[in-house]
Amino acid sequence: MSLIQPRTLKGFRDYLPEAMIPREKLIATAQRVYRSYGFSPIDTPALEYLEILTGKGSDETDRQLYKFQDHGGRNVGMRFDLTVPLARFAAQHVPKLGTPFKRYHIASVWRGENTQRGRYREFMQCDFDTIGTKSVAADIETGLVIHDLLQAIGFSKFTIRLNNRMILNGLLDKLGLTDKSTEVLRSLDKLAKIGREKVAEEMMATSGATAEQASEVLKLSDLSGSNAEILTQLEPLVAGSATGEEGIGRLREVLAGIDAAGVNKDRIQVDVSIARGLDYYTGVIFETFLDDLPTIGSICSGGRYDNLAGLFTKQELPGIGASLGLDRLLAAMEELEMLAKVRTSAPVFIPYFDRERLGDYLALAAQIRAAGIGVEVFPDPKKLGQQLKYADSRGFSVALIAGGNEFAAQTTQLKNLQTGESEEISLAEGSDALIARIRSIVTID
RNA sequence: GUGGCUAUAGCUCAGUUGGUUAGAGCAUCGGAUUGUGAUUCCGAGGGUCGGGGGUUCGAGUCCCCUUAGCCACCCCA
């Protein structure tokens, strides 16, 4: 019989332990930060009725959507983000849950698009959203969560760029470009990437804007200075537009709030050219870039939307949220060499060294585990050198070596695998001293 | 979905204008008076040269198709 070739689909991946360990760690960090602000976890099905997912119905999402007919003849699709499922969820359950409703949702999504570095067909999103309030406090909090999240992950050099869609809308309104806003903003969003000349060309080509209109929009890119200075320079550009003026006002409040919470000013930057591809944003917009690796793109993006669930309910549900791009972030961390090459999830290794003493090794391991420290006992009584080689290659922190000599003396040899140093620790008075010593070497998270 | 580049052992790569049994380093496994790895020495295993078809006396090497990866566009996390 011929063998089936083991392989994975384009854009889909297996996660080996050394990839999965940092992945789980990142997820745990996100959960911790979200919970610290009172966000609660939810989950929704991977499959939805096709009409739920295509409700917004742009060609782009349609092209990327995995869809099929189930065995009951229903047209179904796999979720391509967590926002659309949230909209459906909110329409269905918010009457029970009440508002404000703060949830986080960490789950895989699928998009049948072409792959690239850090971009896959199955990837994980870590969304958090606050639904049912228009308060600027929620805007501020969203920025703070993004900030705390990146800091908790271990980044110190990153920039959260913000803007307010109302400013853009106000400007476009003044210029008579409101009905072409999607195309205009999509072009504007590329400013940093392709430069103002090309943006102007594209804007005129795709939206039919005149050269004058394009140049007015591009005045946005001339703004410079501190956040406050940029906002001041912005005022004449939107003067007369109530929407635009309100946008500036709200952005000032957001900046003040984030500042009041003690965030380093250098990490917050007003950038009026960011528009985000998606057109459902109506207020503040966030994008987050790593200063050391800006080319990987935004690793945490989000913004405010007025009417999340308008397709599913007549109840108006405003909200704000953002999404951490876990896979893109992991790709960045790998490139920046921030990931420890650890293939074990337990820090302590016990070689099975004396064939007759398996019970003693297991007893020792049990005591250390009872103290909340992970321990792996090697399954075969192989040569010590081989076992230590294994321990080293997996990235264990310490090995507890005990043979006939140690057992006779009621001690164990604690070997620090990073430094190579060993010390004898007495077990005559129990394992407390040993556990304390392990704790002093191992970082447990 | 469009265009460009790439594909040789688990990994990183050699492989001369197509010419005999396809190599190296690292990794893996085993051994070096049977208690110490990352940093010794010796040895072994492991490759239908991504897959399919064609040109040729002969293809890892040339041509076509296909799959996957990378890059750009599109879009986005």
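Excluded from the calculations below are hydrogen atoms, water molecules and symmetry mates; all remaining heavy atoms, backbone and side chain alike, are included. On a predicted model such as this, the values are computed, not experimentally measured, just so you know.
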Checklist entry - Which dot-bracket string fits RNA chain B when only Watson-Crick or G-U wobble pairs with both atom distances under 3.5 Å count, crossing pairs get [ ], and | stands for a partner on a different strand? => result (((((((..((((.....[...)))).(((((.......))))).....(((((..]....))))))))))))....
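- The A/Lys389 side chain lies nearest to B/G37 when the options are B/G31, B/G37, B/A77.
- Nearer to the 5' terminus of RNA chain B, by closest-nucleotide assignment, is the contact made by A/Phe12 (compared with the other of A/Leu326 and A/Phe12).
- A donor-acceptor contact under 3.5 Å is formed by the side chain of A/Glu113 with the base of B/A77.
- Taking every side-chain heavy atom of A/Thr115 into account, B/C70 is the closest of B/A77, B/G37, B/C70.
- For the P atom pair drawn from B/U20 and B/G58, the interatomic distance equals 15 Å after rounding to whole Å.
- A donor-acceptor contact under 3.5 Å is formed by the side chain of A/Glu406 with the base of B/G35.
- At the heavy-atom level, A/Leu324 lies nowhere under 4.0 Å from the strands shown.
- Comparing B/G35, B/G30, B/G37 against the side chain of A/Lys382 picks out B/G30 as the nearest.
- A/Asp354 places no side-chain N or O within donor-acceptor distance of the main-chain N or O of A/Gly403, the cut-off being under 3.5 Å.
- At a cut-off of 3.5 angstrom, counting only N and O atoms as typed in the model, there is a donor on one side and an acceptor on the other between the side-chain of A/Arg328 and the base of B/C76.
- Across all strands shown, A/Gln387 has no heavy atoms under 4.0 Å from either base or sugar-phosphate atoms.
- Taking atom CD1 of residue A/Ile146 and atom P of nucleotide B/A77, one finds them 12 Å apart after rounding to whole Å.
- B/C29 sits 39 Å from B/C71 when the C1' atoms are compared, rounded to a whole Å.
- Comparing B/C13 with B/C70, their P atoms sit 14 Å apart, to the nearest whole Å.
- Among the heavy atoms of the strands, none lies under 4.0 Å from A/Tyr390.
- Rounded to whole Å, the separation between the P atoms of B/A22 and B/C63 comes to 23 Å.
- Set against B/C76, B/G31, B/U36, the side chain of A/Ile401 has B/U36 as its closest nucleotide.
- Comparing the same atom, P, in B/G35 and in B/G30 gives a spacing of 16 Å after rounding to whole Å.
- Ion pairing between A/Asp271 and A/Arg161 holds under the 4.0 Å rule for side-chain N and carboxylate O.
- The minimum heavy-atom distance linking A/Ile258 with A/Gly143 is given by the pair CD1-CA, 4.3 Å.
- Here the nucleotide nearest the side chain of A/Gln64, chosen from B/U28, B/G35, B/C75, is B/C75.
- To the nearest angstrom, C1' of B/C76 lies 14 Å from CG of A/Leu82.
- Nucleic acid contact class of A/Gly112 (heavy atoms, under 4.0 Å, all strands): none.
- Between B/C42 and B/U6, the two P atoms lie 39 Å apart (nearest whole Å).
- Taking atom CG of residue A/Asp129 and atom P of nucleotide B/A77, one finds them 12 Å apart after rounding to whole Å.
- Without hydrogens or angle criteria, A/Arg88 side chain to A/Phe312 main chain gives no donor-acceptor distance under 3.5 Å.
- No hydrogens or angles were tested; on distance alone, a donor-acceptor pair under 3.5 Å links the side chain of A/Lys415 to the base of B/U36.
- With hydrogens and angles left out, the side-chain atoms of A/Tyr281 and A/Asp306 include no donor and acceptor closer than 3.5 Å.
- Listed nucleotides: B/G37, B/G35, B/C76. Nearest to the side chain of A/Leu417: B/G37.
- Summary of the strand contacts: A/Gly403 and A/Thr419 both lie near RNA chain B, and taking for each the nucleotide with the nearest heavy atom, the more 5' one is attributed to A/Gly403.
- Under the 30°/60° scheme for interplanar angles, the aromatic rings of A/Phe101 and A/Phe89 are found to lie parallel.
- Atom-to-atom, CG of A/Leu9 to P of B/A68 comes out at 8 Å; the value is rounded to the nearest Å.
- In terms of polar N and O atoms assigned as donor or acceptor, the side chain of A/Arg119 never comes within less than 3.5 Å of the base of B/C70 in a complementary pairing.
- Rounding to whole angstrom units, CG of residue A/Asn416 and P of B/U36 are separated by 19 Å.
- A cation-pi arrangement is absent between A/Arg103 and A/Phe128 under the rule of less than 6.0 angstrom and at most 45 degrees off the ring axis.
- The distance between atom CD of A/Glu287 and atom C1' of B/C75, rounded to the nearest whole Å, is 13 Å.
- Stacking annotation: A/Phe123 is stacked on the base of B/A77 (ring centroids less than 5.5 angstrom apart, interplanar angle below 30 degrees).
- Nucleotides B/G43 and B/G50 are separated by 30 Å at their P atoms, to the nearest Å.
- Counting any heavy atom pair closer than 4.0 Å across all strands shown, A/Asp354 reaches no nucleic acid atom.
- Applying the 4.0 Å criterion to OP1 and OP2 of B/U67, one finds that A/Lys10 has every side-chain N and O outside that range.
- Salt-bridge formation is detected for the pair A/Lys102/A/Glu141: a Lys NZ or Arg NE/NH1/NH2 atom is positioned less than 4.0 Å from an Asp or Glu carboxylate oxygen.
- Summarising the geometry, the separation between NZ on A/Lys383 and P on B/U33 is reported as 8 Å, rounded to the nearest angstrom.
- Although no hydrogens or angles enter the test, the distance criterion places a donor-acceptor pair under 3.5 Å between the side chain of A/Tyr34 and the main chain of A/Cys126.
- Of the charged side-chain nitrogens involved, none lies within less than 4.0 Å of a carboxylate oxygen, so that A/Glu113 and A/Arg121 do not count as a salt-bridged pair.
- Of the candidate nucleotides B/C76, B/G37, B/U36, B/U36 has the atom nearest to the side chain of A/Gln413.
- If you measure from atom CD of A/Glu421 to atom P of B/A38, you get 17 Å, rounded to the nearest angstrom.
- Close to B/C76, at under 4.0 Å from its OP1 or OP2, lies no side-chain N or O of A/Gln125.
- Rounded to whole Å, the separation between the C1' atoms of B/A24 and B/U17 comes to 24 Å.
- Taking every side-chain heavy atom of A/Leu384 into account, B/G35 is the closest of B/C71, B/G35, B/G31.
- Using a cutoff of 4.0 Å between basic side-chain nitrogens and carboxylate oxygens, A/Arg23 and A/Asp327 are scored as salt-bridged.
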